[in-house]
Structure formats: structure tokens, C-alpha cells
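Shown next, in C-alpha cells, is the structure this report addresses.
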Amino acid sequence: MRYVKPDSFENAAQLLFDSTGITRILAGGTDVLVQMKAEMVEPDLLIDLKHLSGMREITHENGGFRIGAAVSGAELGEHAGVNALWPGVVEGMELIGSTQVQGRATMVGNLCNGSPAADSVPAMVTAGAIARIHGPDGARDIPVYEVPTGPGKTSLARGEFITSIYLPARPENASDAYLRFIPRTEMDIAVSSAAVSLELDSKGICTEAKVAIGAVAPTVRLVDDASAALIGTSLDDDAITKLVAAVEAACSPIDDKRGTIAFRTKTAGVLAKRAAKIAYARAGGTS
Amino acid sequence: MALDTPKRDFKIVGTRVPRPDGIDKVTGKAAYGADITATGMLHGRILRSPHAHARIISIDTSAAEAAEGVKAIVTSADFATPDDAGIRDIRDNCLALDKVLYDGHAIAAVAATSKSAAKAAIRLIRVEYEILPHVTDVDAAMKPDAPIVQSGRAFESVPAGMSQNVHSHVEFGHGDLDAGFANADKIIERTFKTAATHQGYIEPQACMANLGADGRGELWCCTQGQYMVRENCAAILGIEASQLRVTSSEIGGGFGGKTTTFIEPVALALSRKSGKPVKIVMTREEVFRATGPTVSTSMDVKIGMKNDGRITAARAELRYQGGAFPNHTVEFGAQAAFAAYDLAAVQTLGWGVMTNRPKEVAYRAPGAPTAIYAVESVVDELCQQLNLDPLDVRLLNAARKGTLSAYGPTFNEIGLVATLEAAKNHPHYTAPLGENQGRGLSCGFWFNFGGNTCVSLNLNSDGTVGVVEGNPDIGGSRASISMMAAEELGIPYDKVRTVIADTTSLGFNDVTDGSRVTFAVGLATIEAARAAKNEMCARVAKLWGIDTDAVQWEDGSVKPAGPNAGEHAPMSIADIAAIADETGGPIAGHHEVNADGAGVSFGVHLVDTEVDPETGATTVLRYTVFQDAGKAVHPDYVEGQMQGGAVQGIGWALNEEYIYGDDGLLQNASLLDYRVPVASDLPNIETVILEIPNPGHPYGVRGVGETPIVPPLAAISNAVSRAAGIRLTELPMSPPRILHAITQRRDG
Amino acid sequence: MVKVKLWGSLRQFADDQEWVDVDASNFKELLDQLSHLYPALRPKIERGVSLAVDGVIYRNAWFTQISDENEIVLMPYMVGG
Amino acid sequence: MKTNHIQTTINGDVTEFLCNADESLLDVLRDRLGMTGAKEGCGTGDCGACSVTLNGRLVCSCLVLGVETEGAEIQTIEGMANGDNLHTLQRVFLEEAALQCGICTPGILIAAKSLLEKNPNPTDTEVRYWLAGNLCRCTGYDKIIKAVQTAAAEMRGA
């Protein structure tokens with residue numbers, strides 16, 4: 001295996017494009033190194049981009065934040081601005097692994113690993129986060145929602161990699177929340193998860209809502225029917241019942257060692273309900 | 001052996017002194033199994049079966065042998081044939097004979113100049129398999145048409161006509177069951193299942209072997225018993241025990257899992273073949289696939305009770321699978337199941353079963369936690385249905401002195417009633433509970449034993465003392481042994497240093513297991529100290545020109561026994577040590593014994609849980625352990641055993657399990673998906689030590705390590721069942737299982 | 001003569017007796033006599049058994065004294081974890 | 001495989017080593033530098049026994065490559081005591097018997113030190129969650145949590 005630290009995004013793209021063997025980008029390394037240890041993957045080339053400009057920075061941009069691809073969970077969690085604007089995104093990221101893993105793991109690594117259970121992805125999706133992609137043809141922006149295409153698969157083309165995530169501005173009276181279910185209190189992979197992002201009017205009526213669920217389908221899933229259930233309501237019991245039904249209907253999970261179809265479906269609904277209530281309270285709503 | 005004085009005042013025993021190995025362990029200097037290296041050493045790695053059950057048609061090692069850096073390859077053909085059937089099984093588990101019996105079964109091993117070369121070479125070994133049908137579930141394995149794991153292994157107690165996977169059968173009990181059940185006001189009969197769990201020690205097995213062509217060798221390894229390793233390895237390698245010196249490293253947890261050998265014979269064979277030292281360190285995946293697990297079980301329990309809570313009859317049938325080889329674990333489950341009860345009519349049947357899973361290894365009170373889980377669950381349900389207080393019912397039926405135990409003998413003095421009363425009087429028992437919360441309790445029991453033990457105690461010329469013992473220190477035993485030596489000699493604790501001998505430096509010692517070390521090694525240490533004291537008395541008597549009877553030992557000094565002995569200034573150990581050369585040479589004491597009289601041990605656990613009715617998640621809110629520990633030599637480490645055992649049991653109850661797919665392969669061979677409790681899962685574990693002296697030990701010491709893992713399974717299950725409003729009968733009580741039960745209850 | 005109690009699954013090898021009379025004054029003699037009187041017990045005895053004397057469990061200890069004053073119960077060989 | 005030359009600072013000492021690209025920092029510490037205080041319990045970041053700090057951040061050294069540590073500042077258990085003066089956490093762990101077998105202890109000490117540097121006055125719950133990635137199978141964590149709190153109180157007082 002070769003380890004390379006390119007001196008620019010352009011060179012990194014070229015290196016990636018030219019590589020003939022198995023290539024991996026080293027972000028936090030908390031997935032790649034585990035896969036190497038388990039002999040699931042043996043890269044011929046490992047490209048480390050952490051040192052490149054902007055990769056480890058969080059910058060204010062148009063009322064939102066641009067988060068470099070190598071910003072660790074711990075660094076994100078310490079950033080007051082992102083915490084205030086998108087607390088659900090931060091809590092999704094911070095749920096990944098242990099304190100030790102937080103010192104290394106990144107949102108972009110979590111996203112590109114392509115796990116249906118990735119904790120940072122649902123809240124990025126409900127936040128409308130945008131991934132900036134560099135490749136042989138320069139940079140382009142796409143919604144985070146469009147990055148994962150299946151377990152372990154992304155829409156990135158040959159030679160492409162993500163350099164940052166943009167979390168947009170949001171109005172007053174808006175917030176988000178993320179919850180996942182795990183058997184223990186820490187250290188597990190999500191069995192099911194839900195992120196909810198809400199915007200409220202001055203009376204506490206939901207004017208905009210996004211609901212995403214994780215670990216219950218091959219990729220994170222945005223549930224439009226769930227959004228519709230919430231919009232125009234102050235999250236009354238009827239709205240919550242509809243939300244839960246919409247979420248359950250949107251689940252198509254698998255039975256595996258971590259959970260059953262029935263359990264994943266049921267808890268996804270419960271988590272969406274609870275996350276919606278947290279997001280609503282964070283947005284200033286009183287029910 | 002009588003207790004010296006029932007209420008003896010101790011000076012050192014019972015205090016909380018710092019452990020002698022402490023500084024090395026908080027500074028990273030302590031050398032564990034994988035920390036040991038040798039110049040010129042090779043790295044060994046083991047090829048393991050990807051199949052649950054297959055015949056090995058051929059093994060082609062030619063490509064691996066030709067690979068860069070490869071110095072030796074071994075298979076089962078490199079092993080000898082031990083006389084002992086148990087050791088032959090260990091051998092066949094170390095490297096498969098003609099069949100692989102489970103996913104992860106070792107087949108061949110490589111020694112190479114680097115870890116990566118060894119890893120690469122492993123992949124070049126070509127094994128041709130004939131895949132055989134497999135079975136991993138205990139009930140399925142007992143069916144007459146089940147795939148046969150090994151044939152011809154059944155003990156004589158197994159009735160004819162059963163599956164050949166059934167290797168053993170036991171029955172215990174007494175009294176008229178039919179009459180007892182006929183006399184009951186309420187009978188509950190239920191079937192329980194428990195998953196296999198792993199000891200989960202944080203340190204994977206590791207060893208470094210150096211064996212010459214002349215059969216002389218050295219082995220360093222992390223083990224619960226260096227003598228056991230020597231005997232197994234010598235037999236498997238076909239060398240003499242005297243030629244193999246085994247040194248135990250510091251050990252990073254065992255809990256029973258390091259009471260056998262997995263990699264040591266392989267490393268020795270590789271070393272012999274390559275002529276170089278060979279180190280093998282297991283990966284965590286190997287630890288899960290090929291070492292350890294305890295039994296998985298299927299159990300039926302039926303108990304009859306009068307309306308006042310008196311049990312009239314009790315019956316249990318236990319089916320334990322212990323992997324691909326015979327074992328005796330079900331015998332202990334069957335004996336322990338009803339040990340806490342005074343029963344007029346009781347019967348326990350046990351069946352030991354082979355499956356295509358790794359060879360079962362002892363795990364803390366082997367066999368007892370699962371059987372007692374089933375029994376204590378049914379008792380709790382009877383209490384619920386008859387509206388009786390579960391502690392009162394246990395007290396009403398508690399075994400006590402004179403009780404004919406369910407496993408045969410009549411109990412002598414035992415501490416169960418005192419332990420139950422301590423629980424009843426504790427504020428935890430009456431603390432209020434909230435919504436979705438439940439309180440559970442369970443009794444626990446373990447036999448304890450003593451075993452073969454040698455201790456040598458040497459007086460140094462400056463009056464300090466060295467103690468040499470032969471049991472790896474897994475949780476602070478060097479401290480407790482030094483404390484007992486210092487207590488007996490009347491010298492300060494820090495004047496004693498206890499070390500653990502290699503196999504050539506001291507006579508045979510049984511493995512560190514069965515809660516035996518503080519009891520048996522302590523006993524031998526006290527006796528060795530007494531021998532040294534006798535010698536010191538004799539020397540001083542000679543010096544003073546009086547009879548040995550005319551001197552006495554008091555507070556670390558030899559003094560005249562009375563006015564008739566004459567006027568002599570007392571001589572301290574240091575005084576006597578200083579003139580040892582002149583008075584006859586070095587002074588030492590030693591003691592060798594196969595200790596008995598360990599005394600059975602009871603505990604009671606009390607736990608509050610809260611169950612989330614929407615997700616099935618369980619939170620352990622409060623936990624209290626009550627246990628009769630005999631004299632607690634070092635209370636910190638007694639509490640530590642009680643807390644650690646309780647938490648292992650909590651893991652067993654809630655989340656830990658071996659998960660096999662239909663393909664017979666283990667699906668969760670990692671600490672990510674084999675879920676041991678983490679710090680944030682738990683409350684503080686409160687402990688109440690009852691010190692009821694064990695008459696079989698000079699200081700009243702009783703083993704404490706095994707019993708604490710027994711009650712948590714039922715205590716948690718009873719608490720969860722009460723919180724969830726429905727009886728759970730399968731472990732682990734993972735959230736999907738609990739939510740499923742709650743949903744079923746709601747749907748009627 | 002001492003009376004020794006056999007656990008349930010051993011009784012089939014001793015004419016279905018729960019209590020067996022044996023002429024023995026210690027553990028070793030007891031094992032020898034049991035093997036002699038009931039050869040079908042021998043395999044289990046050879047694999048290892050314990051002996052409870054008045055409730056105290058002995059794992060090996062051939063010279064443990066026993067008499068008709070004692071309660072003597074045969075038990076499986078103890079192991080631990 | 002090409003060997004890489006790396007220069008780091010470990011426990012304040014400039015340290016150079018050679019390593020292959022696929023070697024973890026844990027492998028480098030243990031096999032190349034003879035610093036065996038960090039333990040390998042899993043190699044996959046699930047047990048925390050290999051905890052060190054990398055540029056002030058708590059990490060599992062099994063999830064860091066040796067080649068990534070060029071120019072980095074690393075702290076390991078070997079650097080925790082100052083000569084023969086134990087760190088408060090080390091001393092209190094001994095005084096309060098917060099270890100049994102001791103294999104998890106170096107990782108837990110490093111993690112606890114990292115916690116107290118960030119949060120000198122944590123709640124029990126905060127200590128438990130911070131240490132959730134450090135598995136201990138012997139103690140049930142009780143005495144570990146209490147020892148961290150005792151040390152924290154002492155360090156706040158000092």
C-alpha cells in the first residue's frame with residue numbers, strides 16, 4: 001500500500017483518476033482502518049487530504065457554515081455557531097462511536113462510507129446540506145441526499161472526492177433534532193434513526209418540515225408524507241399519528257443481527273415522533 | 001481446620017492497602033501476554049475454517065512454504081497423541097484433525113519473519129473441504145436426525161437411541177415430585193432459552209514460544225494457569241513436562257476463558273519446526289470465533305407453590321450445548337439450580353449436547369447462571385401470581401443449616417438467610433418505583449473449591465519476606481496473599497513481596513479459577529508462615545538454651561513463653577534473620593496442599609429497571625449486591641469482584657449473545673456487535689459484604705469471584721418482566737425481544 | 001460400613017440404589033469399593049468425582065476419613081471459571 | 001512495501017521511526033518503539049485500550065496510521081507520570097482500587113486525563129459517557145468512575 005499526501009485538490013483528483021488499484025481517501029480513518037483490519041479492503045493507494053487548505057476549517061458563509069471534510073466530530077461539537085444553527089446535525093455527528101472515535105471521525109467520511117445507518121447523514125439531509133465535490137473537471141455542488149446510492153456506494157464519479165459540506169442559513173423559529181436507537185447507550189451502530197428539521201411561524205405553526213430516516217432502507221430516506229403531516233400543524237396528536245404512520249410506511253429495512261424489520265419500522269416511527277417534538281421545542285414552539 | 005478465633009482481630013487483613021503490582025499497571029510498564037518479545041522471533045498466524053462443519057480432504061501448504069519470509073507451517077500432523085481424552089480434545093481444538101467442527105476452527109499455522117508475511121502466507125494455504133451439514137442450536141442438535149458433530153462421544157449415562165450429539169446426562173434431586181405438585185395451590189411451568197456469551201476479557205490470548213529440537217522449551221503466555229498450560233502443551237507436543245518451563249505474564253482478564261490452551265501448542269510446534277522463538281497474538285475476531293463462549297441453553301422449569309409461598313415441588317430440565325466437544329457444564333447447572341431452596345421434592349435433569357460451535361470454556365460459576373435464571377424467574381412469577389413478597393418467599397423457602405440440598409448433601413452453616421435478611425433490611429428494597437419501572441431480585445449460588453496449591457515463603461536477611469506462589473494474579477491476589485503473610489508473621493504489609501512462580505520454580509498449582517486463590521493460596525501462605533515461625537522459634541530457643549516449648553510467637557517476635565523461660569529480650573524477625581547464617585542457615589517455610597473446605601457461597605442481587613414501552617430499551621436504574629464473602633481480606637477487591645460479576649451478568653441478561661446465521665457462521669465476532677456493557681449503560685453498583693467466617697479457612701476466608709455472576713440474569717429478567725408487564729423467558733432481553741413481548745401483551 | 005449417596009443418573013449403574021453400602025474408611029477405599037461392586041460406575045469415577053462429607057466438598061483427597069457417623073454424598077468433579 | 005520515515009514528538013521527546021504505510025500508530029508504538037503501555041484489545045476502535053492523545057485529541061491509536069503522525073504531538077501512558085511522581089489520576093486509581101487485571105487501565109487513565117483537561121468538574125454521567133469507549137470487563141466501572149471523581153476534586157483543589 002502506498003500513502004500519499006497530494007499538495008492540491010487538483011493533484012489529488014488526478015491521482016485518484018489515474019489510480020488503477022483499490023484507492024481510498026483517508027478522512028478520519030475510523031472506517032477505512034477498521035475495514036483494513038478486518039481484511040475487507042486492502043487499498044493499494046491511500047490518499048490523505050487532511051492537510052489541504054480548508055479541510056480542517058469551519059467557516060461562516062452566507063449565514064450558514066462550510067465544514068471542511070477533515071473536521072472531526074469533536075471539533076464540530078465544540079463549534080458554538082454550528083451548534084446553535086443546526087443542533088440536530090451536530091448531535092448526529094457526535095453520536096458516532098466513542099470519544100476516541102470523535103477525535104478522528106468526520107461527517108464526510110461517514111457520508112462516503114455509504115452505510116445506511118450512518119448517523120450524521122439523516123440530519124444533514126433534513127438540513128438541506130450541500131456537498132462540494134472536487135474532481136478532474138473541477139468543483140461541483142450536490143445535495144448530500146444525492147451522495148449515497150446504496151450500501152457502500154456513492155454517486156461520486158471516478159476521481160471525485162468531497163472537500164466540504166455546506167450547512168445553509170435558516171430562518172428564526174427553526175431547528176432540528178436527530179435521534180437513533182441503539183441497544184446500549186453508546187458504541188453501537190444505529191438500528192434505526194430519524195432526523196427532523198422544522199420551521200415555525202410566529203404562532204408555532206409548522207411552515208416547513210423535513211423528516212429523514214436512517215437504517216431502515218438501503219440509503220437515508222426523506223419522507224415527504226411525514227413532512228406533509230407536520231406542515232400546518234403545531235404537532236398535535238393527530239399530526240404526530242400521521243407522522244408516525246408515514247414514517248413506518250416509508251421503511252423497508254432488513255432483518256439482521258442488529259434488528260428485525262418490525263423493530264426497525266416501529267422504532268423509526270417512535271424516534272421521528274420524539275425528534276419532531278425536540279426540534280419543535282428547539283424552534284421555540286410550545287405545545 | 002478450625003477457625004483460629006471466631007472474632008479474631010486482624011491488623012492487616014480487612015484493610016485496603018495498595019497492590020504491589022499497582023504502579024506498573026498505572027504507568028503502562030506491566031508486561032501482559034502480547035508485550036513479551038524475544039530477539040529473532042517470528043510471528044505466527046493461524047488459518048481458520050470458513051465453514052461450520054466440513055471434512056478436510058487435503059491441505060496444500062506448498063505455495064505458503066515458498067512465500068517470502070515463511071519459516072515454518074504446522075498442521076495437526078505436527079502434534080503427538082496425548083493419553084488423556086480431555087487433552088486430546090484440546091489438541092483437536094488447537095488444530096483440527098480431519099474435520100473442522102465450527103466456524104473459526106484452526107486448521108494450520110504459519111511462522112514468518114513479519115506479521116504481514118504471516119498474514120499473506122495464510123492465504124496461500126489451499127484447503128479442500130467436503131462441506132457437511134451443520135447444527136448450532138441445542139434443541140435442533142438433540143433431534144434424532146440432526147447432523148452429527150462427533151460420533152461415539154456419549155458418556156455411559158446417555159440413554160440409547162438419542163442423537164449422538166447428546167454426550168452426557170445427569171439427574172439430581174430427592175422426594176416425591178408427584179405428591180408435591182399435587183399438594184400445590186399454584187403450578188407454573190415455563191421454557192427458557194439463553195444465548196451463549198463470551199468471557200469478554202479485554203486482552204486477547206497471546207504467547208511467545210521457544211522450543212528446541214531437543215524438546216527443551218520456554219513459553220510465556222497470558223493464562224489462568226501456567227501449570228495447566230505446561231501439562232497440556234507437553235502432552236500435545238510429546239515432550240516431558242520437566243523440559244517445558246511456562247511463565248505466566250500479567251493477565252488481562254480471564255473469567256474462566258483462560259483455563260485452557262488455544263495457541264500455545266501451535267506456537268511451540270512452529271518454534272520447534274523453525275528453530276526460532278514464535279509469538280502468536282490472537283485478534284479479537286479470533287477470540288470470538290475460536291475461544292471461550294459459555295453454553296447456550298434451552299430449559300424447562302416447573303414449580304408448585306402453596307398460597308402462603310411454600311414451595312411444594314420443583315423440577316428442571318436443562319439442555320446445554322457447549323460446542324463441538326463434550327464438557328461437564330450441565331452437571332453444575334443441574335446441581336446449582338435449586339441450591340438456594342429447602343425443598344421436600346426436587347428433580348433436575350441435565351443434558352449435555354454438542355453443536356458446530358467453538359469448544360465451550362468455563363465462564364465464572366460455569367453452568368449456574370442460566371439454570372438459576374430459569375428457576376428464579378419461575379419463583380418470581382409465582383410470587384406475582386400469588387401476590388406474595390418475593391423476598392419473604394425466598395426467606396420462607398431458604399436453604400439453611402440442616403437443609404437437604406437439591407444436589408445431595410445436607411448443608412452445614414450457610415449464609416443465605418443472613419444475606420436475604422440484609423437485602424430485606426436495605427433501603428433499596430422499599431424505595432419507591434416510578435412508571436414503567438420494576439424491581440427484580442434473585443438468589444445466587446456457587447460451590448467454590450480449593451485445589452492443589454504450593455507456597456514457599458522465604459525470610460530475607462534484612463527481616464523482609466518473599467512469598468512465592470503459583471497462581472496468576474487476575475484481580476489483586478498478590479496483595480491479599482502478602483496481607484495474609486504479613487498478618488500471620490506480625491510484620492508490616494510492605495515488608496512482604498509476593499511473586500508468581502514459573503512452572504519450574506514451585507510445585508504444581510491448579511488454575512486460578514473457582515474462586516480458589518484467596519482461599520487456597522491464602523491457606524497455604526498462612527501455613528508456610530507458620531512453618532517459618534516454628535523454625536524461628538526453634539532457632540531462638542536454641543540461642544537462649546531453652547526448650548522450643550519455652551518460647552512463643554507474639555507480635556512478630558519470639559519471646560520467652562513465661563517467667564520460667566528466663567529473662568530474654570524479645571527477638572524480632574529482623575533480629576532472627578540477621579543471624580540466620582549462624583543459627584543453621586536460611587529460614588523458610590513452605591506448604592503444599594490439595595485444599596478442601598472452601599465452603600459454598602450465596603448472594604442476593606436487587607435491581608431496579610425501567611423499560612421504554614415504545615422501544616423496548618431497558619435502563620438499569622439501581623443495583624445492589626449482597627454476598628457472604630467470609631472474611632474479606634481486601635474489601636476493595638471483594639467489592640470489585642461483586643461489581644464486576646454483576647455487570648457481566650447484566651450484559652448476559654440484556655445484550656450479549658453469540659449470533660449464528662443459517663449458514664452456521666458467527667455473525668458478530670467483534671466488540672462492536674458483541675455488546676458488553678459500557679460505562680454509560682450502568683448505575684453505581686452498591687455492595688453489601690456479609691462476613692460470615694468460613695470454618696474451613698484459618699482466617700475464615702471464602703471465595704467470592706464466581707457467585708456474583710449468577711443472580712443478575714434472573715434479577716434483571718424479573719425487574720424487566722415486572723416493568724414491562726409481561727414475563728420474559730429468553731436471554732438476552734434485547735430491545736427487539738422486549739418490544740415484541742410488550743406488543744404481544746397489548747394485542748392480547 | 002458407610003452409606004454413600006449416588007446422584008440420580010448414577011443409580012442405574014448400581015442396581016438403581018440411591019444409597020449404597022460400602023466397606024470403606026476413606027475416600028480412596030470408597031472409590032475402589034464402588035468400582036469393584038459396581039463396575040459400570042468405574043468410567044465416571046475415573047473421569048473424576050468429588051465427595052461431600054457432612055456438607056464439605058472434597059475434590060480428590062483419597063485419605064479423607066469417613067465413617068458411618070458421616071453423611072457421605074458422591075458429587076461430580078468440581079470445576080470453576 | 002515502501003518504508004516511510006516519520007518524525008513525531010512523543011511525550012515531549014522528538015522521536016523518529018520507520019513504518020510501512022499500513023501500520024497503525026499502535027503497531028508503531030508497540031512494535032517499533034517498544035512502548036507497550038497502549039494495549040490492543042480489538043484493533044477496531046471498539047475497546048479504547050490503545051487510547052493516546054494526538055495533537056491534544058483523545059484517539060484510539062489503532063485507528064491512526066503511523067504515517068499520519070509526521071510532525072504530531074503524541075501523549076501516551078508512558079508519559080503520564082512525571083518521573084517518580086504519579087499523576088493524580090494514577091495515584092487515586094491505586095488508592096481506590098479502580099483496576100483489577102489492569103489491561104484497560106492505561107487507556108482509561110489517558111481518556112480520563114483528557115476529560116479532566118476539558119471538563120475539570122464533570123458529573124458522573126459525563127464521566128460515564130466520556131469513558132463509554134473504554135471497555136473494562138473486571139470492575140463494572142463503579143470504582144473507576146469514583147476514582148475519576150476523587151482525582152478531579154483533588155485536581156480542582158490543587
Side-chain angles (χ1 to χ4, degrees), chain B residues 85-86 155-157 168-174 199 224 254-257 259 294 328-329 331-332 334-335 347-350 361-366 401 405 407-414 446-452 511 513-516 594 596-600 695-696 703 705-706 709, chain C residues 2-20 22 26-28 30-31 34-35 38-66 68-81:
Chain B
F155 296 128
E156 62 285 348
S157 56
S168 66
H169 171 57
V170 285
E171 181 190 336
F172 296 92
H174 58 254
Q199 296 83 355
Q224 288 178 243
F255 319 108
T259 58
T294 182
H328 299 285
T329 303
E331 293 179 356
F332 305 105
Q335 291 176 89
Q347 183 191 44
T348 320
L349 302 179
V361 184
Y363 181 21
R364 233 172 170 151
K401 183 175 182 178
S405 72
Y407 59 86
T410 303
F411 280 125
N412 214 314
E413 292 286 353
I414 53 172
W446 185 244
F447 302 95
N448 292 338
F449 57 77
N452 291 293
V511 168
D513 70 352
S515 296
R516 72 173 217 91
N594 187 355
D596 286 305
V600 299
E706 316 274 302
I709 201 173
Chain C
V2 297
K3 278 187 183 306
V4 58
K5 184 176 175 181
L6 306 180
W7 72 82
S9 39
L10 287 190
R11 292 170 198 163
Q12 59 182 306
F13 307 116
D15 304 335
D16 290 324
Q17 301 172 87
E18 179 178 6
W19 291 93
V20 177
V22 180
N26 66 29
F27 191 4
K28 172 74 161 69
L30 176 87
L31 297 180
L34 280 176
S35 297
Y38 307 102
L41 284 175
R42 190 173 292 151
K44 184 64 184 172
I45 287 172
E46 285 178 351
R47 285 198 300 274
V49 289
S50 305
L51 190 71
V53 181
D54 296 337
V56 178
I57 302 166
Y58 297 85
R59 284 214 296 187
N60 294 313
W62 277 354
F63 307 135
T64 302
Q65 293 294 306
I66 49 177
D68 56 5
E69 307 274 290
N70 300 122
E71 179 202 59
I72 299 161
V73 181
L74 211 60
M75 290 175 62
Y77 190 78
M78 288 291 134
V79 299

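Since the structure is predicted, the reported quantities are computational estimates derived from the model, not experimental observations.
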Relative to chain C, which of B:Ile414, B:Val600, B:Leu349, B:Val170 shows the most heavy atom pairs under 4.5 Å?
B:Val170
When rounded to the nearest 0.5 Å, the distance separating CG of C:Leu30 from CD1 of C:Ile66 is 4.5 Å
Minimal non-hydrogen separation, B:Ala598 against B:Gly450, with atom names
CB-N, 4.0 Å
Top contributor to chain B contacts, counting heavy-atom pairs under 4.5 Å, from C:Val56, C:Leu6, C:Leu10, C:Ile57:
C:Ile57
Nearest-0.5 Å distance that lies between atom CG in C:Leu41 and atom CG in C:Leu31
10.5 Å
Can you confirm whether C:Leu51 sits close enough to C:Leu74 that some side-chain heavy atom of one is under 4.5 Å from a side-chain heavy atom of the other?
yes
Between chain B and chain C, which donor-acceptor atom pairs come closer than 3.5 Å, counting both backbone and side-chain atoms?
from	atom 1	to	atom 2	distance (Å)
C:Lys5	NZ	B:Gly408	O	3.0
C:Gly8	N	B:Glu171	O	2.7
C:Ser9	N	B:Glu171	O	3.4
C:Ser9	OG	B:Glu171	N	2.9
C:Lys44	NZ	B:Glu331	OE2	2.6
C:Arg47	NH1	B:Glu156	OE1	3.4
C:Arg47	NH2	B:Glu156	OE2	3.0
C:Asp54	O	B:Asn412	ND2	3.4
C:Arg59	N	B:Asp596	OD1	3.0
C:Arg59	NH2	B:Asp510	OD2	3.2
C:Glu71	OE1	B:Thr410	N	2.7
C:Glu71	OE2	B:Thr410	N	3.0
C:Glu71	OE2	B:Thr410	OG1	2.3
C:Gly81	N	B:Glu706	OE1	3.0
C:Gly81	O	B:Gly514	N	3.4

Heavy-atom contact with chain C under 4.5 Å, split by part of B:Phe332:
side chain
